Amino acid sequence: MNSQSLYFHPDYLDAVRAGRKTTTVRFRDPVETGPVSLVFELDEEVVLPGVVTQVTEKTVARLSEADARADGFRDLAELHGRLRYHYPGIGPADIITVVHFRPTHQAGGAG
């Protein structure tokens, strides 16, 4: 089975839909390029079809302001704070994955 899912906090749904969030930073969560289901865990799960276009590994210390903005944050400090929230104990030398993605808006469908 070749399908993969990326799970997101529901707070990010609007930013992803609007194209303000085009990357996600993941820690110990392997992701490959190709089709993906973007899953938002609300009371009723929301799943958007998408595609992972690029996957880049780097250390937390090498994250940039541009990485933070692509991830939908105001600045690098906000991104670092969010990473510590999602991954307590993460440090500057830890390897993270920057996942570049976009929703693929399919014509038709229910809604």
Side-chain angles (χ1 to χ4, degrees):
M1 190 163 130
N2 226 0
S3 67
Q4 61 181 342
S5 297
L6 272 177
Y7 289 86
F8 292 89
H9 191 280
D11 288 356
Y12 300 130
L13 178 58
D14 289 342
V16 169
R17 274 194 171 135
R20 289 190 311 272
K21 181 175 175 69
T22 58
T23 69
T24 180
V25 175
R26 299 298 164 116
F27 181 52
R28 297 182 179 148
D29 184 7
V31 179
E32 298 174 1
T33 56
V36 66
S37 295
L38 308 172
V39 182
F40 298 85
E41 301 176 272
L42 296 134
D43 293 336
E44 199 165 308
E45 198 171 75
V46 175
V47 181
L48 304 177
V51 62
V52 173
T53 56
Q54 185 183 345
V55 178
T56 309
E57 287 193 343
K58 57 172 78 175
T59 61
V60 172
R62 292 190 55 85
L63 283 166
S64 68
E65 292 287 340
D67 290 326
R69 283 191 298 276
D71 206 337
F73 297 104
R74 286 186 302 273
D75 56 29
L76 192 54
E78 189 182 17
L79 173 57
H80 280 174
R82 185 50 70 156
L83 283 174
R84 284 190 298 272
Y85 170 78
H86 287 303
Y87 308 111
I90 195 169
D94 284 318
I95 303 285
I96 48 83
T97 305
V98 180
V99 181
H100 298 255
F101 67 90
R102 62 181 169 78
T104 52
H105 300 290
Q106 294 171 327

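Keep in mind that this is a model prediction, so the values were computed, not measured.
- Leu48 and Val39 sit in two unconnected hydrophobic clusters of ILVMFWY residues. Membership requires side-chain heavy atoms under 4.5 Å apart, directly or through other members.
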Please tabulate, for side-chain N and O atoms in residues 12-24, each donor-acceptor pair with protein atoms closer than 3.5 Å (sequence neighbours left out).
{"residue": "Tyr12", "atom": "OH", "partner": "Arg82", "partner atom": "NE", "Å": "3.4"}
{"residue": "Lys21", "atom": "NZ", "partner": "Thr23", "partner atom": "O", "Å": "3.3"}
{"residue": "Lys21", "atom": "NZ", "partner": "Asp71", "partner atom": "O", "Å": "3.1"}
{"residue": "Lys21", "atom": "NZ", "partner": "Asp71", "partner atom": "OD1", "Å": "2.1"}
{"residue": "Thr22", "atom": "OG1", "partner": "Ala70", "partner atom": "O", "Å": "3.4"}
{"residue": "Thr23", "atom": "OG1", "partner": "Asp71", "partner atom": "N", "Å": "3.4"}
{"residue": "Thr24", "atom": "OG1", "partner": "Arg26", "partner atom": "NE", "Å": "2.9"}
{"residue": "Thr24", "atom": "OG1", "partner": "Arg26", "partner atom": "NH2", "Å": "3.3"}

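- Note: Thr53 OG1 to Phe101 CZ = 9.5 Å, rounded to the nearest 0.5 Å.
- The OG atom of Ser64 lies 12.0 Å from the CG atom of Asp75; values are rounded to the nearest 0.5 Å.
- The line from OG1 of Thr104 to CZ of Arg102 is 7.0 Å long, rounded to the nearest 0.5 Å.
- At distances below 3.5 Å, not a single donor-acceptor pair connects side-chain atoms of Gln54 with backbone N or O atoms of His100.
- We find the CZ-CD1 distance between Arg28 and Ile96 to be 12.5 Å, quoted to the nearest 0.5 Å.
- Note on Val46: it clusters hydrophobically with Leu38, by side-chain heavy-atom contacts below 4.5 Å among ILVMFWY residues.
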Check: Is there a side chain to side chain contact (heavy atoms under 4.5 Å, CB included) between Leu63 and Leu76 once you walk through the steps?
Finding: CA-CA 8 Å; Leu63 283 166; Leu76 192 54; 3.9 Å; yes
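- The ring pair (Phe, Tyr, Trp, His ring centres under 6.0 Å) analysis of residues 23-80, with sequence neighbours excluded, yields the pairs Phe8-Phe40, Phe27-Tyr87.
- Taking CZ of Arg69 as the start and CZ of Arg74 as the end, the distance is 13.0 Å to the nearest 0.5 Å.
- Closest approach of Val51 and Val36 over heavy atoms only: N-CG1, 3.7 Å.
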Checklist line | Working for side chain to side chain contact (heavy atoms under 4.5 Å, CB included), residues Thr97 and Asp29 | finding: CA-CA 8 Å; Thr97 305; Asp29 184 7; over 6 Å; no
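- Using a 4.0 Å cut-off between charged side-chain N and carboxylate O, Asp67 and Arg62 make no salt bridge.
- Linking Ile, Leu, Val, Met, Phe, Trp and Tyr whenever their side-chain heavy atoms come within less than 4.5 Å puts Val47 and Tyr7 in one cluster.
- For Glu45 (side chain) and Glu41 (main-chain N/O), no donor-acceptor pair under 3.5 Å exists by modelled atom type.
- Judged by distance alone, the side chain of Gln4 and the main-chain N or O of Glu32 form a donor-acceptor pair under 3.5 Å.
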